[in-house]
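Numbered from 1 within each chain, the chains take letters A, B, ... in sequence-line order.
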Number of protein chains: 4
Amino acid sequence: MEQMLRLLHACGMPKTDADFLNCDGPTMHQFLLEARPKVTLFTGSSRVAEKLAEDLRGRVKLEDAGFDWKILGPDVQEEDYVAWVCDQDAYACSGQKCSAQSILFMHKNWGASFLEKLNNLAKRRKLEDLTVGPVLTVTTDRILDHLQKLLRIPGAKLLFGGQELKNHSIPKVYGAVEPTAVFIPLTQMLRDDYFNLVTTEIFGPLQVITEYTCEHLPLVLEACERMEAHLTAAVVSNDAKFLQEVLGNTTNGTTYAGIRARTTGAPQNHWFGPAGDPRAAGIGTPEAIRLVWSCHREIIHDVGPVPKGWSLPPPS
Amino acid sequence: MEQMLRLLHACGMPKTDADFLNCDGPTMHQFLLEARPKVTLFTGSSRVAEKLAEDLRGRVKLEDAGFDWKILGPDVQEEDYVAWVCDQDAYACSGQKCSAQSILFMHKNWGASFLEKLNNLAKRRKLEDLTVGPVLTVTTDRILDHLQKLLRIPGAKLLFGGQELKNHSIPKVYGAVEPTAVFIPLTQMLRDDYFNLVTTEIFGPLQVITEYTCEHLPLVLEACERMEAHLTAAVVSNDAKFLQEVLGNTTNGTTYAGIRARTTGAPQNHWFGPAGDPRAAGIGTPEAIRLVWSCHREIIHDVGPVPKGWSLPPPS
Amino acid sequence: MEQMLRLLHACGMPKTDADFLNCDGPTMHQFLLEARPKVTLFTGSSRVAEKLAEDLRGRVKLEDAGFDWKILGPDVQEEDYVAWVCDQDAYACSGQKCSAQSILFMHKNWGASFLEKLNNLAKRRKLEDLTVGPVLTVTTDRILDHLQKLLRIPGAKLLFGGQELKNHSIPKVYGAVEPTAVFIPLTQMLRDDYFNLVTTEIFGPLQVITEYTCEHLPLVLEACERMEAHLTAAVVSNDAKFLQEVLGNTTNGTTYAGIRARTTGAPQNHWFGPAGDPRAAGIGTPEAIRLVWSCHREIIHDVGPVPKGWSLPPPS
Amino acid sequence: MEQMLRLLHACGMPKTDADFLNCDGPTMHQFLLEARPKVTLFTGSSRVAEKLAEDLRGRVKLEDAGFDWKILGPDVQEEDYVAWVCDQDAYACSGQKCSAQSILFMHKNWGASFLEKLNNLAKRRKLEDLTVGPVLTVTTDRILDHLQKLLRIPGAKLLFGGQELKNHSIPKVYGAVEPTAVFIPLTQMLRDDYFNLVTTEIFGPLQVITEYTCEHLPLVLEACERMEAHLTAAVVSNDAKFLQEVLGNTTNGTTYAGIRARTTGAPQNHWFGPAGDPRAAGIGTPEAIRLVWSCHREIIHDVGPVPKGWSLPPPS
């Protein structure tokens with residue numbers, strides 16, 4: 001980053017146009033409180049984001065946290081392709097992407113054969129080629145402990161994974177776990193006792209899978225609405241009315257729709273939800289830059305002329 | 001307001017689409033804390049605005065407070081028209097408009113004859129036709145006390161007004177003061193001792209007038225920058241380079257530019273600064289409605305088809 | 001129209017802003033040649049349109065003629081609704097709308113039962129309530145003669161209608177014919193011998209119906225491409241890939257897509273094809289007004305200042 | 001150009017996406033008549049443009065011809081800079097640019113000293129460094145002959161130049177003339193006898209200069225309006241009301257406004273007038289590409305659902 005700034009200076013950027021502060025979080029926090037910038041764009045944990053929003057009195061733009069959902073619609077098609085996208089969304093980079101697929105709502109029509117495909121794809125991953133690898137911010141114990149809690153929910157079952165990696169030399173401060181999927185029944189997930197547990201993001205190769213039928217779609221939408229974090233989402237369907245129903249009832253910042261929908265890795269840059277939240281931030285597109293870094297300003301030019309024969313009106 | 005809602009219901013608006021709460025501020029505040037709305041648009045005092053921004057973690061859109069400035073540029077022209085606009089901006093509705101002209105930066109070229117015009121226009125106003133009238137939120141004592149403090153600044157002088165209205169029956173809880181203008185030297189105004197005093201908004205018929213020369217324009221711009229409130233502003237000039245200089249160095253939400261510029265009462269609806277502040281709100285135009293009440297949402301459709309001959313890639 | 005202009009004058013429109021010429025076509029044509037207006041928006045026959053384009057050297061905006069097609073996709077649904085839309089598109093106002101449905105490409109899946117529905121709907125129409133009525137610009141003889149020519153095509157058959165109205169007193173200079181549908185096989189229609197005949201617009205209650213299967217969709221698209229007139233069109237399908245295929249291979253000005261698609265009577269104002277033709281005109285929307293009545297104009301403001309220390313460069 | 005296409009092919013452009021025809025004008029003309037393209041963008045002489053507009057029935061986008069004017073406003077400032085821009089606009093590339101300054105309307109305030117500056121700048125130009133050079137499409141005889149005709153207009157006078165270049169070896173089929181300026185009185189220029197002569201474009205280093213006073217500004221605007229060609233223009237003034245008057249009464253495609261205004265060589269790509277003419281073309285900007293090469297197409301999606309409880313309405 002420092003070298004990038006030096007390059008910009010070499011290209012002619014005025015040295016007073018950008019400051020680069022290399023420090024820890026509390027120092028930067030104190031700096032922001034004293035400098036009182038007009039706007040701060042923060043991408044990081046939602047806990048710090050909320051604190052910044054409070055301390056800076058809302059002069060912030062935030063990246064929402066990501067417990068990203070994907071819904072497979074009733075129209076089953078292109079199963080190999082969809083399974084591959086699911087595998088990549090959940091387990092590429094060992095799931096360490098803010099846009100990773102954290103929960104999969106699968107319409108019953110996709111059936112056991114689709115879960116079989118997911119399992120087979122997960123099994124292709126191995127430590128040797130780093131298609132599974134160390135988890136930087138969550139330890140093996142923390143992941144397995146979370147998994148055990150999930151499996152205690154009535155009706156829960158392990159679909160695949162769930163073991164520490166074999167023959168690895170990853171230090172204890174990191175995580176080393178197989179690509180893992182847990183099935184949780186939709187009605188259990190929605191219970192107040194379990195909802196927060198099920199929708200807690202693990203920044204690693206762990207996803208929740210659940211199943212629904214058309215008549216229970218409202219429960220799926222309720223789950224999506226109740227989640228706090230609304231970063232990315234995917235609605236895997238080409239059924240126009242299904243898309244209309246789901247897109248019209250959800251509010252994620254970046255939502256992919258259509259049979260090829262993904263939660264991550266698409267060519268488009270992200271608009272970081274929380275959609276509908278005035279603090280929502282985005283990056284990379286002209287509109288995102290305009291909305292985040294710039295502002296509406298209304299300048300009304302009225303150079304005249306004063307109409308011929310204007311005369312002084314009475315005051316009001 | 002209630003009748004308006006009833007009319008909307010009669011026209012077919014679903015009864016669940018708008019709630020109307022008739023209550024005092026603390027009750028509403030408590031309500032907002034518990035209901036946690038996605039966004040709150042607040043127009044009111046900047047003190048409450050800042051508290052809301054903190055308590056609602058920045059999920060707010062705010063109207064900035066208004067200590068609105070007008071700068072008369074070096075190119076003197078249309079003096080009668082400009083004087084009339086100044087009189088209306090400062091004293092119409094007895095100055096009780098968030099967009100009222102609170103301070104006038106007058107280039108020396110406009111001279112004593114222009115102040116004479118302002119004085120004559122102010123003298124036309126009288127209680128009988130309500131071109132001066134009761135001030136609802138500031139008492140006579142508060143206004144005259146503020147005036148005395150201003151007059152104690154070195155070089156300050158009363159230009160006109162400054163007396164309680166004669167023969168009035170306005171109750172003591174309101175204000176009853178003549179249209180008043182106080183001259184404050186620019187350099188005094190900028191002193192830390194006096195700046196907050198001079199730029200305190202009195203929601204009534206009181207304005208500050210100061211004078212500058214081209215070489216002191218940077219002091220005028222510094223004053224505009226140091227003010228906390230950036231609602232409306234006017235740059236009364238048709239000089240392209242002067243406009244460029246002033247518009248490029250100020251950040252008010254709604255700024256009128258040109259020889260007919262005003263701070264208030266123009267046909268355009270307001271964009272409430274604070275410009276550059278992500279919490280800035282606006283009303284009345286399609287763009288304001290979009291920016292305040294709606295949000296960017298990114299939906300990427302990818303209905304396929306999957307390319308012919310697609311085959312499973314390796315994982316990553 | 002004259003009274004409308006008088007109303008506009010009464011409302012303050014300058015009398016020099018609009019001229020109203022009440023004359024026959026050749027007079028107006030001569031007038032245009034002599035007045036040489038910057039742009040002429042013409043809505044009328046394609047024959048006159050082409051002549052105007054030539055004589056005015058292309059300073060025209062044109063409404064395309066309408067031999068409007070509708071394609072029913074492979075995904076059969078909402079048959080009663082779709083049949084009703086077809087009936088209205090083809091026979092409301094006795095088919096005398098530039099946007100009337102002139103040809104229906106029906107996927108085989110819709111079957112004989114759908115034709116039965118169309119027939120039943122057509123039978124509801126009667127002279128008494130003017131749901132069938134006089135055709136102003138085509139005589140009965142001309143319509144029946146055209147019908148006979150169509151029926152001579154190999155494989156053609158009358159689906160319903162085809163008779164002069166009974167017990168009517170419509171003068172001979174007008175047309176009086178039942179709502180009529182003729183089936184023409186797709187492959188015959190595409191033959192050079194028949195294509196122009198089949199795609200000749202009859203401004204009355206006559207439509208062509210043909211049938212296709214998925215493998216013959218390219219023939220349907222070829223037919224749409226070969227037609228000269230590209231006013232409105234409808235693709236009745238919610239199948240995302242089918243819509244993509246058809247919309248991507250056609251160029252009509254206004255195209256309705258989706259299971260509720262119609263060729264006429266939708267709330268949106270028309271963009272008159274020919275899409276892709278620089279002479280295409282539209283009405284009624286802000287964008288249409290901008291594209292037809294206004295123009296791009298590039299004004300580059302460069303008020304300076306001239307950079308400090310500028311010195312005369314060498315000539316080039 | 002051929003090599004550029006080969007590069008595009010090498011980069012993956014499908015070979016069927018662009019055809020490159022290397023032929024003379026009549027061959028291309030015949031080709032266009034037979035191929036009947038949907039739209040043809042033509043940049044070249046206005047004579048051919050008009051013929052194409054007729055033969056292709058207006059399916060064209062045209063670059064207007066350029067007899068480009070510049071108006072120096074009443075507010076004299078930055079004289080050295082403005083003189084330099086005038087010299088470059090008129091004589092860079094020996095005036096062989098479609099956007100070259102062909103006529104200069106000079107407000108009297110600029111005076112003889114400004115003409116002196118123009119003369120001095122022209123004198124800097126010399127054959128050795130090619131700041132004057134061969135004129136490719138107009139011979140010396142044709143230029144000098146045109147000059148003689150101009151000088152026969154009552155009140156006309158040669159301001160500078162007017163001689164064949166000395167010591168040159170430029171072949172007779174080209175032009176070789178000094179940078180030349182002729183003064184023509186405004187009132188003479190407007191006479192029907194002379195107007196076409198004065199506004200004939202010479203694609204070489206020859207400009208007309210005339211003078212006006214504020215009261216004669218309407219004559220200047222009349223001259224600009226009467227010219228056939230409306231390519232580029234410049235209004236050299238920072239006077240807001242003057243700019244308003246001139247910009248509001250002229251229609252050139254690309255107009256530069258402000259004290260630094262030029263007719264040519266600015267960073268912006270050109271919008272080729274004729275502004276207000278539906279055939280106007282542009283290049284280089286996203287908006288130009290959209291307006292010239294693309295078209296408005298209106299696709300209305302209506303995927304439903306059909307309202308619950310919908311029942312068949314009566315026909316109409």
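Comparing Val306(B), Val236(B), Asp302(B) by heavy-atom pairs within less than 4.5 Å of chain A, the highest count is held by Asp302(B). For the set Arg124(B), Glu78(B), Glu50(B), the count of heavy-atom pairs under 4.5 angstrom toward chain A peaks at Arg124(B). Chain A forms more heavy-atom pairs under 4.5 Å with one residue of Gly58(B), Ala83(B), Ala257(B), Ala288(B) than with any other, namely Ala257(B).
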Please lay out, stage by stage, how Glu54(B) and Lys51(A) fare under the test salt bridge (Lys or Arg N to Asp or Glu O under 4.0 Å). CA-CA 10 Å; Glu54(B) 180 179 350; Lys51(A) 173 136 188 61; over 6 Å; no
Walk me through it: do Tyr81(B) and Leu312(A) pass the test side-chain contact (heavy atoms from CB on, under 4.5 Å)? CA-CA 8 Å; Tyr81(B) 184 88; Leu312(A) 186 66; over 6 Å; no
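In this structure, Arg297(A) and Thr250(B) have side chains that are in contact, with non-hydrogen atoms separated by less than 4.5 Å. At least one side-chain heavy atom of Thr254(A) sits under 4.5 Å from a side-chain heavy atom of Ile300(B). Asp80(A) has its side chain within reach of Trp310(B): a pair of non-hydrogen atoms, C-beta onward, lies under 4.5 Å apart.
Shortest non-hydrogen contact noted between Asp87(A) and Pro315(B) is OD2-CB, 4.4 Å.
Of the two parts of Pro305(B), only the backbone, made up of N, CA, C and O, holds a non-hydrogen atom closer than 4.5 Å to a non-hydrogen atom of chain A. For Ile259(B), the parts sitting under 4.5 Å from any heavy atom of chain A are the backbone and the side chain alike. Only the side chain of Asn238(B) comes within contact range of chain A, with at least one heavy atom under 4.5 Å from a heavy atom of that chain. Heavy-atom distances place no part of Pro179(B) under 4.5 Å from chain A, backbone and side chain included. Interface residue Leu291(A): only side-chain heavy atoms are found under 4.5 Å from chain B. For a residue to count as touching a neighbouring chain, one of its non-hydrogen atoms must lie under 4.5 Å from one of that chain's; by this rule Val60(B) touches chain A with the backbone only. Contacts of Gln77(B) with chain A are absent, with no heavy-atom separation under 4.5 Å from either backbone or side chain. Contact annotation for Gln88(A): only side-chain heavy atoms (C-beta onward) come within less than 4.5 Å of a heavy atom of chain B. Only the side chain of Leu121(A) comes within contact range of chain B, with at least one heavy atom under 4.5 Å from a heavy atom of that chain.
Of the inter-residue distances, the one linking Glu298(B) atom CD with Phe272(A) atom CZ reads 10.5 Å to the nearest 0.5 angstrom. Arg260(B) contributes atom CZ, which lies 14.5 Å from atom NE2 of His301(A) (distance to the nearest 0.5 angstrom). Atom SG of residue Cys295(B) and atom CZ of residue Arg279(A) lie 13.0 Å apart, to the nearest 0.5 angstrom.
Using a cutoff of 4.0 Å between basic side-chain nitrogens and carboxylate oxygens, Asp277(B) and Lys38(A) are not scored as salt-bridged.
Formation of a donor-acceptor pair under 3.5 Å by the Arg57(B) side chain with backbone atoms of Ala49(A) is not found in this model.
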